[in-house]
Amino acid sequence: MRKEQILQWLQTFTDEIERHKDYLTELDAAIGDADHGINMDRGFKKVMSQLPTVADKDIGSILKTVSMTLISSVGGASGPLYGTFFLRASTAVGLKQELTAEDMRGMLQAGLDGVLVRGKAQIGDKTMVDVLSPAVAAFDLAITEGKQIQEAMQQAVASAQEGMKNTIPMLAKKGRASYLGERSVGHQDPGATSCYLMLKSLLASLC
Amino acid sequence: MRKEQILQWLQTFTDEIERHKDYLTELDAAIGDADHGINMDRGFKKVMSQLPTVADKDIGSILKTVSMTLISSVGGASGPLYGTFFLRASTAVGLKQELTAEDMRGMLQAGLDGVLVRGKAQIGDKTMVDVLSPAVAAFDLAITEGKQIQEAMQQAVASAQEGMKNTIPMLAKKGRASYLGERSVGHQDPGATSCYLMLKSLLASLC
Amino acid sequence: MKKLINKPLDFVRESLEGMALAHPDLIHVNYDPAFVYRADAPVHGKVAIISGGGSGHEPMHNGFVGMGMLDAACPGEVFTSPTPDQMLAAAKKVDGGAGILYIVKNYSGDVMNFEMATELAFSEGIRVLNILVDDDVAVKDSLYTQGRRGVGTTVLAEKICGAAAEQGYSLQQVADLCRRVNLNGRSIGMALTSCTVPAKGTPTFELGDREIEMGIGIHGEPGRERTNIKSADEITQILTLSILEDSPYKRVVREWDEHKQEWVDVELIDPVFNKGDRLLAFVNSMGGTPLSELYIVYRKLAEICDQHGLQIVRNLIGPYITSLDMQGCSITLLKLDDEMIRLWDAPVKTANLRWSI
Amino acid sequence: MKKLINKPLDFVRESLEGMALAHPDLIHVNYDPAFVYRADAPVHGKVAIISGGGSGHEPMHNGFVGMGMLDAACPGEVFTSPTPDQMLAAAKKVDGGAGILYIVKNYSGDVMNFEMATELAFSEGIRVLNILVDDDVAVKDSLYTQGRRGVGTTVLAEKICGAAAEQGYSLQQVADLCRRVNLNGRSIGMALTSCTVPAKGTPTFELGDREIEMGIGIHGEPGRERTNIKSADEITQILTLSILEDSPYKRVVREWDEHKQEWVDVELIDPVFNKGDRLLAFVNSMGGTPLSELYIVYRKLAEICDQHGLQIVRNLIGPYITSLDMQGCSITLLKLDDEMIRLWDAPVKTANLRWSI
Ligand SMILES: Nc1ncnc2c1ncn2[C@@H]1O[C@H](COP(=O)(O)OP(=O)(O)O)[C@@H](O)[C@H]1O
Ligand SMILES: Nc1ncnc2c1ncn2[C@@H]1O[C@H](COP(=O)(O)OP(=O)(O)O)[C@@H](O)[C@H]1O
Ligand SMILES: [Mg+2]
Ligand SMILES: [Mg+2]
Ligand SMILES: [Mg+2]
Ligand SMILES: [Mg+2]
């Protein structure tokens, strides 16, 4: 995966967030506080305004800028979580200008680990982890099986989508939605949804 | 007019107020603060609970009790106005047990004068004065023409009703309704309406 | 109607009971007739200040009873003037021998009831003076109305006169000061939503989803104009300019003359604001508007005053003279002099205004 | 949506600008990153106390910055946790050399952001401790949730710890005190109406004309139960008993260990209230409920505490931790000891809490 594709990914994700801003916020209104789309949109708009200053640097620097921008402009739960995802991802890839399949496996795994440490959520808690975790596992397996990056990512996105849908019947145990108890059942998790969009955008940038 | 009739008058008026409580309050909602029916109802219910203690006294004492009870339980604009009406009326009739036509003329005139001094309203200001003033004048004239009390009071009530209707097109210049300016036009004044009910009740008690 | 109340008819009494339970160190409550008075009343040798009016404007007036402000407050039913017997009983309770000042908001009911109370107090040998607050510039054509309504300046007058009384001003001095505060204070309010009177149970007036009422009264009396919702800056601009551009306001009020022992008509004229004046700026919530929005209003108000060469040297921001649950705000500007500033800064210890003690 | 705002996106900044203009003697405002800090910061040798959270709960926390309470407050977007860079910048600005205590309400966003800020501060050589407030008994099954939310006790902890810091307590002492206040405080709220977030423009949740939500969170998070409207006495009874009958609450929280230089899990258990306990009773408006109704709630609360042999020795009544324009209230009961009483009574001078100075 080349640096231009990384930049493309971030651009596509920003566009997707903008397109789904109201939808994400509505999902959050049902089981949270009605700001997830607004938060993500604010954060990634800011990211886009910062990127030109580092576009000629290495991928690690780019992802670090994404991370720092998200951390300082999103707030809420998704700010530190997405921020930590990109921070760990950045550390994992370091000074590279292009990523191998192995690099990408490391990057995604590191990002997921960061989210787990920061948020202490487990699979089944109805959070973004329910998307990220199966997606990273699927990518991992596909690469181990010798698949190409693009195909592996296709499988990751398929798992992500399944994971996102799976959050619907779940009872939330982390984040604001957890306060709803039984009433959280039947709604799709907003953070899981934005996370699915992130992976879908990543796939798109590979094509 | 006998003392029993005076008591009957107060009872009838109290009943009328209760029956028209919501109506009076609605009239006040349109051009005031939506409490005239509530105020009058509170005051006259209190009057009714006080009257037994003075029912065997003279008419002056009865009316004085009405006055004091209204003054201390109605508040707002109508409290001091009705209170002053009955206070002056009480002073005018003194220790009597029965009122002649002349006594009644004096009583009503004194009550009206009290309202004028207290409230400084003039005819045409869209207040209870627009009912009380023509009614007292009509009673006065009828008595001067030698009519019987009951007939004179019939004419007074007719004038009162006309006066009440006349408040509809008026522009309020006193009381809360005055703040409405042009917007007060087209609504019947609540105090004028309760005042008409008072005179109508007086007439009923004579029959 | 959804409110934290029990029976609507018990609203005022139960709220007073809660106050009495909450602040036994500051106030006591008499229930029949109803008035709230300083726990340490009467304060001997001090002029006593009493105000009152319909309930529903809390914390005014009950929340301002205490050291450095009111000696007693007489709460009426919701939006209904209290009665003369309340005012008289309060006067008797707090009279420290130096006389009583009744601070009266200019509404026909309040004026008439306080006038009766003044006559009653006089007939019982209690010295009483009577000052009207009539500061609401929303009321135009005051010659043809009851005159301007008493609103935000009342709170400021109670604080300033309360401090003066505490410092030993005579009855006449406190009354003169109160009149001066009133003449130098101007207010105007607006509503985003109607209030709902508990006993009525439905909103006093209807405002559309995109409508606001400029110049609203604190009982939901209509204002100057019903318009479409505007930005906070535009609203603040309109309100502030209504105050600043208001021409001198002339009217005749009735005051009790202690020497003549009768009511006399007094002609009063408000001075206008001039460049260089020092102001107290008071941004008030009508009850349902939160603090965050008041600061947005204050921000623009400060800018406009600055543009006009007016210097805000003191301010008060919060819900002080409310209209039940109404959403909206009012702005009061009071032109200060050194004496008023000194008295404003003086210690005050009441349930809802407290500093320097 | 009708509000006194300009563009929804400017809501937080403009409200801060208004605050800065209104209280230059008390606070200064930094805009990028956003935080409010004491005008006289840093106070050398004093532990600095910083709190923060989403905006929309005014006066908390900005209105509590000043002598005897907070050194700085970090406002996020409406109902959105502030970010670590705000918290770090605030810490740098107010650090008087004796360390920083972050008081954090237990919401996933706040917790994660303050944790990051703590790590950042540590890495820059600033001493920071971190205490969670998690007092909302409406949250059941806390093992399966984020744990109890931080609500009313936060205000009380800020006041009490602020006084302690002012009196020279060490960082560890202030942190221990804060943990103790949190363990002894319990809250629960209810909503009559939803709030409306400016950026969204429509109510966060729908409540029918006769419906209320018991156990509401300060961001409009749903509570325990949606029921029909009840009388103030019934509502107060339900809320109060939820607090009094709550069993000891056990949970594990993550605190920063200065010596180990890492996060450690700490198990905490709330004590229950017992006959004879002395309480601080805090009746809070959610923003749109006026003072008069709060006193009706307080009246019943005092009666129930009395019946249970609990002694209310201090109280606080008003809008202190709000949820924008939401109508409703919350009740917080804090079990006091002599030290807490002394610190509660100590002077405080902030925009929205002030006494004895
Ligand atoms: N502890 C956690 N671990 C992982 N994800 C979480 C956690 N808490 C919340 N989230 C995610 O964050 C999303 C909400 O983000 P957002 O609405 O932006 O923040 P907030 O809840 O502070 O308003 C949830 O839908 C969920 O996916
Ligand atoms: N100055 C006045 N003189 C005569 N009547 C008046 C005056 N002011 C008000 N009123 C009468 O009082 C009525 C309103 O009474 P009410 O609603 O009980 O008191 P409030 O206006 O204080 O709420 C008006 O309809 C009007 O008839
Ligand atoms: Mg959210
Ligand atoms: Mg009325
Ligand atoms: Mg009234
Ligand atoms: Mg949020």
Side-chain angles (χ1 to χ4, degrees), chain C residues 2-7 11-12 14-19 21-23 55-56 58-59 63 192-193 207 209-212 229 231-233 235-236 281 287-300 302-303 312 315 317-319 322 324-325 327-329 349 351-352 354-357, chain D residues 2-7 11-12 14-19 21-23 55-56 58-59 63 192-193 207 209-212 229 231-233 235-236 283 287-300 302-303 312 315 317-319 322 324-325 327-329 349 351-352 354-357:
Chain C
K2 291 193 287 185
K3 283 180 186 288
L4 291 168
I5 59 170
N6 296 302
K7 292 203 213 76
F11 173 70
V12 173
E14 292 187 345
S15 191
L16 286 175
E17 287 172 2
M19 265 207 101
L21 286 164
H23 310 295
S55 292
E58 292 70 24
L192 295 166
T193 64
L207 272 181
D209 265 5
R210 316 265 328 139
E211 270 184 333
I212 60 174
I229 175 79
S231 72
D233 281 358
I235 288 170
T236 307
T289 282
L291 196 55
S292 46
E293 299 179 32
L294 299 184
Y295 279 117
I296 293 179
V297 171
Y298 185 83
R299 171 183 168 276
K300 184 68 184 176
E303 181 190 312
I312 301 180
N315 61 56
I317 300 164
T322 62
L324 294 168
D325 53 348
Q327 290 189 345
C329 74
K349 186 174 180 181
N352 292 98
R354 182 168 173 187
W355 56 71
S356 302
I357 185 165
Chain D
K2 291 192 287 184
K3 284 179 187 288
L4 291 168
I5 59 172
N6 295 303
K7 293 203 212 79
F11 173 71
V12 173
E14 292 187 344
S15 190
L16 287 174
E17 287 173 2
M19 264 208 101
L21 286 165
H23 311 294
S55 292
E58 292 71 23
L192 295 167
T193 64
L207 272 181
D209 265 3
R210 316 267 326 142
E211 270 183 332
I212 60 174
I229 174 79
S231 72
D233 281 359
I235 289 170
T236 306
V283 176
T289 282
L291 196 56
S292 47
E293 298 179 32
L294 300 184
Y295 279 118
I296 293 179
V297 171
Y298 185 83
R299 172 184 169 275
K300 184 69 183 176
E303 180 191 310
I312 302 179
N315 61 57
I317 300 165
T322 61
L324 294 169
D325 54 349
Q327 292 190 343
C329 74
K349 186 175 180 181
N352 292 99
R354 181 166 174 190
W355 56 71
S356 301
I357 185 166

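Every value quoted in this text rests on a predicted model; they were computed, and no experiment measured them. Throughout, protein chains are lettered first and strands after them, A, B, ... in sequence-line order, and every chain is numbered starting at 1.
Atom-to-atom distance recorded for Glu293(D):CD and Glu58(C):CD is 10.0 Å, nearest 0.5 angstrom. Note: Lys2(C) NZ to Thr193(D) OG1 = 6.5 Å, rounded to the nearest 0.5 Å. Atom CD1 of Ile317(D) is separated from atom CG of Asn352(C) by 9.0 Å, given to the nearest 0.5 angstrom.
Heavy atoms closer than 4.5 Å to chain C are found in both the backbone and the side chain of Ser356(D). Contact annotation for Ile235(C): only side-chain heavy atoms (C-beta onward) come within less than 4.5 Å of a heavy atom of chain D. Using a 4.5 Å cut-off between heavy atoms, Glu14(D) contacts chain C through both its backbone and its side chain. Only the side chain of Ala351(C) has a heavy atom closer than 4.5 Å to any heavy atom of chain D. Proximity to chain C involves both the backbone and the side chain of Leu21(D), based on heavy atoms less than 4.5 angstrom apart. Contacts between Asn6(D) and chain C at a heavy-atom distance below 4.5 Å involve backbone atoms as well as side-chain atoms. Only the side chain of Ala302(D) comes within less than 4.5 Å of a heavy atom in chain C; its backbone stays farther off.
A heavy-atom distance below 4.5 Å is not found between the side chains of Leu4(D) and Ile296(C).
Between chain C and the options Pro59(D), Ser55(D), Ser292(D), Ser231(D), heavy-atom pairs under 4.5 Å are most frequent for Ser292(D). Chain C forms the most heavy-atom pairs under 4.5 Å with one residue out of Arg299(D), Met19(D), Lys3(D), Glu303(D), and that residue is Arg299(D). Contact count versus chain D (heavy atoms, under 4.5 Å) is highest, among Gln327(C), Lys349(C), Arg354(C), for Arg354(C). For the set Arg210(D), Lys7(D), His23(D), the entry with the most heavy-atom pairs within less than 4.5 Å of chain C is His23(D). Across Ile229(D), Asp233(D), Thr322(D), the residue that shares the most heavy-atom pairs under 4.5 angstrom with chain C is Asp233(D). Your options are Gly288(D), Ser15(D), Gly287(D), and the one with the most heavy-atom pairs under 4.5 Å with chain C is Ser15(D).
Evaluation of the salt bridge (charged side-chain N to carboxylate O under 4.0 Å, His left out) rule for Glu211(C) yields no partner, not counting sequence neighbours.
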